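Worksheet for the structure shown next.
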Amino acid sequence: MKKTMQSLLRQALAKLKEQGVLDGGLDPAISIERTRDPQHGDLATNLAMVLAKSAKTNPRQLAERIIAALPEHAALRKVEIAGPGFINFFLDPAAQYRVVATIHEQGREYGRSEVGQGKKIQVEFVSANPTGPLHVGHGRGAAYGSAVADLLDAVGFDVHREYYVNDAGRQMDILATSIWLRYLEECGEILPFPCNGYRGEYVREIAWEIHQSAGNEYRRPAELVMEDIPPDEAQGGDKEAHIDALIERAKTLLGSAQYEDFLQAGTTRILKDIQEDLLEFGVPFEEWFSERQLFDDGSVDDVLRHLREAGHLYEKDGATWFASSLLGDEKDRVVIRENGQFTYFASDIAYHLDKLRRGYDRIIDIWGADHHGYIPRIRAALRALGEDVDKLQVLLVQFAVLYRGREKVPMSTRAGEFVTLRQLRNEVGKDAARFFYVMRRSEQHMDFDLKLATSKTNENPVFYVQYAHARVCSVLRQLDENNWERDHLSGMQNLQRLTEEHEINLVGTLSRYPEVVEKAALQYEPHLLIQYLRELANEFHTYYNAHQFLVEDAGLRDARLNLVCGVKQVIANGLDLLRINAPEAM
RNA sequence: GCGCUUGUAGCUCAGCUGGAUAGAGCAUCGGCCUUCUAAGCCGAGGGUCGCAGGUUCGAGUCCUGCCAAGCGUGCCA
């Protein structure tokens with residue numbers, strides 16, 4: 001409806017240009033909005049106010065001329081000028097009711113569209129290091145990312161969901177070493193655990209499994225392990241130097257093949273756990289992209305050579321730097337450390353280049369907001385490589401601050417103090433968790449009160465929306481019990497009898513759904529969809545309480561049932577899009 | 001210090017990219033179940049949109065300056 005009004009207005013403007021009322025040049029974006037107040041009609045535009053200045057006339061006069069030039073349209077009942085120069089459109093209710101038939105015809109397809117034109121778009125999200133189970137902080141990125149991806153899919157983009165697996169680098173070494181140290185404990189060796197190691201219970205479990213299957217094959221005496229290792233932080237030393245020394249010791253004592261066993265055991269076990277976890281959370285991926293692969297196939301070397309040849313790299317203090325400050329970053333960044341190791345940034349350049357080379361029209365990175373300082377250097381790198389930087393869009397998700405009642409819950413992966421995503425799902429369920437995560441704008445800080453979220457006792461808005469769906473189902477069951485037949489066709493023919501205010505509101509809200517989906521998708525704001533669903537549910541509950549659907553008058557009854565089934569369909573579609581269950585009964 | 005983000009009802013948050021009288025959910029108070037599920041509905045109270053300027057027909061929304069919070073500012077990821 002919005003779109004047809006836009007085209008009508010465009011025709012009117014063209015006519016005014018011919019008449020010389022308006023300059024030929026200007027061609028403004030015509031904004032049409034839904035009115036808030038029914039007195040202002042159904043739709044409104046501020047076009048006359050926007051153009052008044054350049055047309056050298058006042059808004060109300062211009063509005064009159066626009067209206068005069070407006071072509072006739074069947075759905076248009078009345079056009080008015082109001083306030084400072086708004087043009088208000090009153091639509092013919094009969095035309096509005098058509099949406100009920102449309103919903104019925106399109107069913108699950110209602111709300112989906114083709115505005116994305118099949119453009120290829122890649123969404124990379126979660127991408128947590130496989131060094132431990134996902135925690136509730138990752139949950140938000142997972143829920144948000146998958147919702148964005150699903151929305152884009154719904155409006156016709158060709159979406160590729162990807163998880164970047166950081167299976168290379170120092171964090172993985174720390175993990176492997178942590179497992180080995182726990183394994184030695186399993187063997188009966190007595191030695192201190194580094195404060196910078198991964199302390200989670202899962203590390204012990206993996207160590208236990210290795211010990212079960214391999215016995216003492218990897219055992220080395222504690223004295224040898226700890227010999228000449230610099231002191232840990234607890235002993236007044238440097239924790240980084242301490243753990244680095246332990247990693248080196250593990251590599252020399254085990255040899256590369258055996259050390260690799262621990263690396264592999266850790267990565268595969270944890271990655272498998274993450275994959276299951278996300279799948280159960282309704283977050284599928286088309287691809288799990290290995291960082292390690294970028295080193296193995298030479299991509300990292302290639303991209304650095306490329307940058308070096310183009311003069312973007314230089315040596316200083318024994319390290320290799322990327323001159324990102326010349327390309328919009330605050331300062332230059334190290335890509336190869338003094339000790340010869342690549343930084344995370346180095347492989348990330350290769351990764352982003354790889355993504356762009358794969359031919360996506362757009363790539364989206366979803367990061368925790370604490371990584372925001374990272375954006376300029378990635379953009380600088382892509383610029384240096386001659387890529388189109390605008391194809392990359394980075395969306396930031398604020399971490400959820402966790403509370404238990406009033407008390408803040410400390411979170412540290414290393415210390416093993418965290419509430420896992422799995423625990424959260426077990427306690428509140430997938431539906432509530434997803435709904436809760438996506439309910440707020442992603443850049444908004446979020447207080448996640450576990451007590452509230454885990455309190456199974458309602459208050460959770462997801463139930464409110466689901467209940468609306470279940471209620472319609474219940475009405476339909478009731479219909480059967482009354483031995484009433486539902487005549488679909490008659491219902492459609494009698495739609496004009498739905499003249500109650502509640503009914504008219506509901507029809508209007510139903511017709512808005514495709515616009516909401518489109519906007520939520522194009523703006524990457526799934527919370528708009530949630531908000532809409534709450535509003536729709538609210539209008540439905542209000543209607544339910546105000547009017548009986550199952551009335552004796554068959555025509556009216558069928559019309560109401562058609563309307564209410566439209567509500568059911570739209571709620572189901574919306575929840576489905578968010579991968580939240582729409583129950584038949586509650 | 002500098003950079004990014006945020007600041008709207010007691011609390012948690014919306015606010016259609018500059019539009020008409022700033023909204024919802026909790027919480028508080030008062031009503032509605034012999035009638036399709038009360039996990040619901042109706043009503044009431046509650047606001048200096050962080051503060052101060054500016055831009056214009058019009059500002060919660062845009063620009064500037066302050067104030068406050070979070071994050072970043074590594075040869076960590």
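Chain naming here is simple, since letters A, B, ... match the order of the sequence lines and numbering starts at 1 in each. Just so you know, these numbers come straight off a predicted model, no measurement behind them.
- Nucleic acid contact class of A:Gln398 (heavy atoms, under 4.0 Å, all strands): sugar-phosphate only.
- A:Tyr374 comes within 4.0 angstrom of a base, heavy atoms only.
- Distance check on atom P: B:rG50 versus B:rA59 gives 15 Å, rounded to whole Å.
- With B:rG15, B:rC42, B:rC4 as the candidates, the nucleotide lying closest to the side chain of A:Arg441 is B:rG15.
- Counting non-hydrogen atoms under 4.0 angstrom, A:Ala546 reaches nothing in the nucleic acid.
- A:His547 comes within 4.0 angstrom of a base, heavy atoms only.
- Rounded to whole Å, the separation between the P atoms of B:rC16 and B:rG54 comes to 25 Å.
- The side chain of A:Glu525 lies closest to B:rG15, out of B:rG7, B:rG15, B:rA77.
- Across all strands shown, A:Ala468 has no heavy atoms under 4.0 Å from either base or sugar-phosphate atoms.
- Pair assignment for B:rG10 gives B:rC26, based on Watson-Crick or G-U wobble hydrogen-bonding distances that are each under 3.5 Å.
- As judged by a 4.0 angstrom heavy-atom cut-off over every strand, A:Gln444 is placed among residues touching the sugar-phosphate backbone only.
- Regarding contacts with the backbone of B:rA38, a side-chain N or O of A:Arg471 is found under 4.0 angstrom from either OP1 or OP2.
- With B:rG3, B:rA20, B:rG25 as the choices, the nucleotide that has an atom nearest any side-chain atom of A:Thr35 turns out to be B:rA20.
- For the pair A:Glu552 CD and B:rU35 C1', the computed distance is 12 Å after rounding to whole Å.
- The aromatic rings of A:Tyr544 and A:Phe549 lie perpendicular to each other, with more than 60° between the two planes, well past the 30° mark.
- Taking the P atoms as reference points, B:rG30 lies 23 Å from B:rC11, given to the whole Å.
- Listed by residue number, the members of residues 317-327 of chain A with any heavy atom below 4.0 angstrom from RNA chain B are A:Asp317, A:Ala319, A:Trp321.
- No more than 12 heavy atoms of other residues, nucleotides or ligands lie within 6.0 Å of CZ in A:Arg65, so this atom counts as exposed by the packing criterion.
- At B:rC75, none of the side-chain N or O atoms of A:Lys316 fall inside 4.0 Å of OP1 or OP2 (strictly under the cut-off).
- For A:Thr177 (side chain) and A:Asp173 (main-chain N/O), a donor-acceptor pair under 3.5 Å exists by modelled atom type.
- Looking at heavy-atom distances under 4.0 Å, A:Met439 makes no contact with the nucleic acid at all.
- The separation of B:rG31 from B:rA38, taken at their C1' atoms, amounts to 13 Å, rounded to a whole angstrom.
- Nearest-nucleotide positions on RNA chain B place A:Met49 closer to the 5' end than the other of A:Tyr544 and A:Met49.
- Distance from the side chain of A:Leu528 is smallest to B:rG15 among B:rU73, B:rG15, B:rA20.
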Any N/O pairs under 3.5 Å between the protein and nucleotides 43-45 of chain B? List them or say none.
none

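- The nucleotide whose nearest atom lies closest to any side-chain atom of A:His527 is, among B:rC75, B:rG15, B:rC16, B:rG15.
- Taking the six-membered ring where tryptophan is involved, the planes of A:Phe295 and A:Phe342 are tilted, since the angle between them lies from 30° to 60°.
- Nucleotides B:rG3 and B:rA44 place their P atoms 47 Å apart, quoted to the nearest Å.
- Between A:Tyr374 and A:Phe345, the ring planes are perpendicular. Angles over 60° get that label, and only those under 30° would be called parallel.
- Closest contact between the side chain of A:Glu443 and the listed nucleotides B:rU6, B:rG3, B:rA77 involves B:rU6.
- Using cut-offs of 30° and 60° on the angle between ring planes, the pair A:Phe289 and A:Tyr164 is tilted.
- As judged by a 4.0 angstrom heavy-atom cut-off over every strand, A:Asp370 is placed among residues touching the sugar-phosphate backbone only.
- Rounding to the nearest 0.5 Å gives a distance of 7.5 Å between CG of A:Asn166 and CG of A:Asp348.
- Distance check on atom P: B:rU61 versus B:rA20 gives 13 Å, rounded to whole Å.
- Here the CD1 atom belonging to A:Ile378 is positioned 5.0 Å from the NE2 atom belonging to A:His352, to the nearest 0.5 angstrom.
- Looking at heavy-atom distances under 4.0 Å, A:Asp244 makes no contact with the nucleic acid at all.
- Between the side chain of A:His372 and the base of B:rG3 there is at least one donor-acceptor pair of N/O atoms closer than 3.5 Å.
- Within 4.0 Å (heavy atoms only), A:Thr542 reaches sugar-phosphate atoms of the nucleic acid but no base atom.
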Exercise for review: Would you check, one step at a time, whether the test side chain to side chain contact (heavy atoms under 4.5 Å, CB included) holds for A:Ile364 with A:Glu124?
Suggested key: CA-CA 6 Å; A:Ile364 295 177; A:Glu124 182 225 317; over 6 Å; no
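- Using a 4.0 Å cut-off, no side-chain N or O of A:Arg560 falls inside it from OP1 or OP2 of B:rC36.
- The side chain of A:Glu338 approaches B:rC75 more closely than any other nucleotide in the set B:rG72, B:rC36, B:rC75.
- Ion pairing between A:Arg557 and A:Asp487 fails under the 4.0 Å rule for side-chain N and carboxylate O.
- Among the heavy atoms of the strands lying under 4.0 Å from A:His541 are primed sugar atoms or P, OP1, OP2 only; no base atom is included.
- For the residue pair A:Gln171/A:Tyr198, the side-chain donor-acceptor check at 3.5 Å is satisfied.
- B:rU48 and B:rC67 have their C1' atoms separated by 16 Å, given to the nearest Å.
- Evaluated for a ring pair (Phe, Tyr, Trp, His ring centres under 6.0 Å) with A:Tyr163, the options A:Phe125, A:Trp288, A:Tyr351 yield exactly one hit, A:Trp288.
- In this structure, CG of A:Asp480 is placed 16 Å from P of B:rC36, rounded to the nearest angstrom.
- Of the listed nucleotides (B:rG25, B:rU5, B:rA77), B:rG25 has the atom at the smallest distance from the side chain of A:Asn538.
- Considering only side-chain atoms of A:Tyr464, the nucleotide from B:rC41, B:rA20, B:rC36 that sits closest is B:rC41.
- With C1' as the reference atom, B:rC51 and B:rU56 are 23 Å apart, rounded to whole Å.
- Rounding to the nearest 0.5 Å places NZ of A:Lys239 at 12.0 Å from CG of A:Asp244.
- Across B:rG40, B:rA77, B:rA39, the shortest atom-to-atom separation from the side chain of A:Asn545 is found for B:rG40.
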